[in-house]
Amino acid sequence: MTAPFTFNTTRSVRFGAGVLGELPALALPLTGPRVLIVTDPGMMGTGIVDRAVALLRDAGLETTLFADVQADPPEAVVLAAVDAAREARAGGIIGLGGGSSLDVAKLVALLAPGTEALADVYGVGKARGPRLPLVLIPTTSGTGSEVTPISIVTTGAAEKMGVVSPHLIPDLALLDPELTLGLPPHVTAATGIDAMVHAIEAYASASPNNNPVSRALACEALRLMGGALLRAVRDGSDAAARADMLLGSMLAGQAFANSPVAAVHALAYPLGGHFHIPHGLSNALVLPHVLRFNAVVAPAPYAELAPHAFPDLAALDGQERAAAFIERLATLSADCGLPQRLRDMDISAEVLPRLARDAMNQTRLLVNNPRPLTEADALAIYTAAH
């Protein structure tokens with residue numbers, strides 16, 4: 001008998017090549033006539049932001065830009081964006097870009113009304129709302145932030161903290177694969193592995209809310225991305241591969257938004273916090289080592305997922321199939337051109353104990369791991385990855 005579970009996701013999703021052109025008609029009923037677009041400096045050079053602004057202004061919307069989002073956004077950036085929204089008297093927020101821009105946009109929508117402070121909403125279920133109307137437009141195929149109730153903020157020098165609340169789920173996710181066509185190969189690879197990790201960890205999660213909807217979405221996400229990632233890396237203009245990656249990323253986001261991720265992310269966060277390694281690459285560096293650790297006692301989820309991502313692995317069974325799945329993921333990462341060792345990122349062995357200590361602070365994630373993980377285990381995993 002299926003255990004009780006809860007599944008929440010974005011109220012409306014619009015997917016398809018060219019749907020950015022529908023932004024004014026879709027946004028105006030939600031946001032009203034004044035909007036703040038939250039994005040980053042890199043996006044400003046792509047022409048995508050200019051196009052979105054032109055579409056909105058031509059439709060009569062008063063549009064203000066906040067384009068100072070940084071990767072792994074610090075609190076100061078979030079608060080500056082909130083100030084910009086208040087100064088513009090924005091009636092709604094549009095996040096446009098990668099995961100960092102979308103995460104900041106979520107928090108701006110939550111905090112701009114002034115009913116709660118950022119320091120008070122860290123953790124699970126702390127945010128009370130209400131928030132401003134929120135539209136998210138991803139330009140990478142990785143975080144799935146457009147359908148998740150999570151925003152990650154860098155606090156202090158290196159630590160990351162999360163705000164987790166249904167209030168962060170946007171009103172509308174607009175997914176246009178054409179916006180991802182110019183994504184460089186290394187970004188395509190890192191964000192793509194990130195999305196695959198979301199699906200894998202959601203499926204194998206020990207969360208009591210692990211549910212059949214999330215597992216089904218995770219399987220479909222891996223089917224799409226397993227066949228598309230290397231094609232998208234090798235030919236950035238492959239429209240079909242780009243569409244499969246963007247859709248797969250969203251499905252993986254819906255999966256892990258409800259069946260949360262675990263130790264891969266817990267061990268990835270200190271790498272990003274201390275060394276400013278992009279989140280997707282941090283996940284890729286530890287992924288096979290965490291899965292090998294888990295598969296010793298919990299191989300079944302990986303054996304079940306294997307043929308969805310890599311159909312030829314259906315010929316294998318049980319532990320052998322799980323092991324082959326993990327090795328195939330490592331091979332895919334290498335074939336995509338991503339660094340494979342922590343030492344490749346100039347991380348010395350001397351800092352590994354510090355990383356292990358910091359990873360243990362990610363209790364929100366570690367509780368979902370299918371195998372309990374101690375600080376000594378974390379150090380052994382980092383050592384294997386070094």
Side-chain angles (χ1 to χ4, degrees), residues 9-69 73 77-118 121 127-139 145-149 151 163 165-176 178-179 250:
T9 193
T10 299
R11 183 184 307 165
S12 181
V13 173
R14 184 75 176 100
F15 176 91
V19 297
L20 181 65
E22 301 175 15
L23 176 59
L26 293 170
L28 183 58
L30 296 170
T31 64
R34 284 192 301 274
V35 298
L36 177 77
I37 294 181
V38 177
T39 190
D40 66 80
M43 284 297 300
M44 296 301 294
T46 65
I48 294 171
V49 177
D50 290 342
R51 184 179 166 208
V53 169
L55 286 166
L56 292 166
R57 289 179 177 167
D58 288 349
L61 280 80
E62 184 180 324
T63 305
T64 302
L65 271 178
F66 179 86
D68 295 330
V69 174
V77 167
V78 175
L79 298 176
V82 171
D83 288 342
R86 291 173 179 166
E87 185 175 342
R89 295 180 294 121
I93 308 298
I94 297 175
L96 175 60
S100 294
S101 292
L102 303 192
D103 278 8
V104 172
K106 291 175 174 179
L107 291 172
V108 173
L110 177 69
L111 300 175
T115 59
E116 48 201 329
L118 179 57
V121 297
R128 303 182 307 272
R131 62 154 172 79
L132 295 180
L134 179 61
V135 176
L136 297 183
I137 308 170
T139 59
S145 186
E146 68 275 7
V147 290
T148 71
S151 287
V163 180
S165 169
H167 293 294
L168 295 185
I169 300 175
D171 301 290
L172 169 67
L174 193 155
L175 291 91
D176 186 340
E178 291 181 352
L179 305 186
M250 186 203 72

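Along the sequence shown, residues carry numbers from 1.
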> Just how far is it from atom CG of Leu168 to atom CG of Asp103, taken to the nearest 0.5 Å?
Replying inline: 8.5 Å

> Looking only at heavy atoms, which two atoms of Leu136 and Ala105 are closest? And how far apart?
Replying inline: CD2-CB, 3.9 Å

> Quick one: are Thr46 and Thr139 in side-chain contact, heavy atoms under 4.5 Å?
Replying inline: no

> Any donor and acceptor pair, going by atom type alone, linking the side chain of Arg131 with main-chain N or O of Ile169 inside 3.5 Å?
Replying inline: yes

>> Is there a side chain to side chain contact (heavy atoms under 4.5 Å, CB included) between Leu30 and Val135? Walk through the geometry before answering.
In response: CA-CA 8 Å; Leu30 296 170; Val135 176; 4.0 Å; yes

> Taking all non-hydrogen atoms of both residues, which atom of Ala52 and which atom of Leu23 are closest, and how far apart?
Replying inline: CB-CD2, 4.2 Å

>> If I take atom OG1 from residue Thr31 and atom CG from residue Leu61, how far apart are they, to the nearest 0.5 angstrom?
In response: 5.5 Å

> Got a second to check how far Leu96's CG is from Arg51's CZ, nearest 0.5 Å?
Replying inline: 10.5 Å

>> My understanding is that only one of Ser165, Ser145, Ser151 makes a side-chain hydrogen bond (donor to acceptor under 3.5 Å, both in side chains) with Lys106; could you say which?
In response: Ser145

>> Any non-hydrogen side-chain atom of Glu178 less than 4.5 Å from a side-chain atom of Leu20?
In response: no

> Do Leu102 and Glu146 have side chains that get closer than 4.5 Å, going by heavy atoms?
Replying inline: yes

> Does any non-hydrogen side-chain atom of Glu62 lie less than 4.5 Å from one of Val35?
Replying inline: no

> For the atom pair CD (Glu22) and CG (Leu174), what is the distance rounded to the nearest 0.5 Å?
Replying inline: 7.0 Å

>> Please check this pair: side chain of Asp176 against backbone of Gly18, looking for a donor-acceptor N/O pair closer than 3.5 Å.
In response: yes

> Ignoring hydrogens and geometry, is there a side-chain-to-backbone donor-acceptor pair from Arg89 to Arg34 under 3.5 Å?
Replying inline: no

> Under 6.0 Å from the CZ atom of Arg11, do we count more than 12 heavy atoms belonging to anything else shown?
Replying inline: no

> Which heavy atom of Phe66 sits nearest a heavy atom of Ala84, and at what distance?
Replying inline: CD1-CB, 4.0 Å

> Val77 and Asp68: which non-hydrogen atoms are nearest, and at how many Å?
Replying inline: CG1-O, 3.8 Å

> Is it true that atom CD of Glu87 has more than 12 heavy atoms of other residues, nucleotides or ligands lying nearer than 6.0 Å?
Replying inline: no

>> Please report the interatomic distance CG(Leu55) to OG1(Thr63), rounded to the nearest 0.5 Å.
In response: 10.0 Å

> Can you tell if the side chain of Leu56 reaches within under 4.5 Å of the side chain of Ile94, non-hydrogen atoms only?
Replying inline: yes

> What heavy-atom pair brings Pro133 and Asp171 nearest, and what distance separates the two atoms?
Replying inline: CA-OD2, 3.3 Å

> How long is the span from the CD1 atom in Ile48 to the CG atom in Leu179, to the nearest 0.5 Å?
Replying inline: 4.5 Å

> How close do Gly21 and Pro24 get, heavy atom to heavy atom, and via which atoms?
Replying inline: O-CD, 3.7 Å

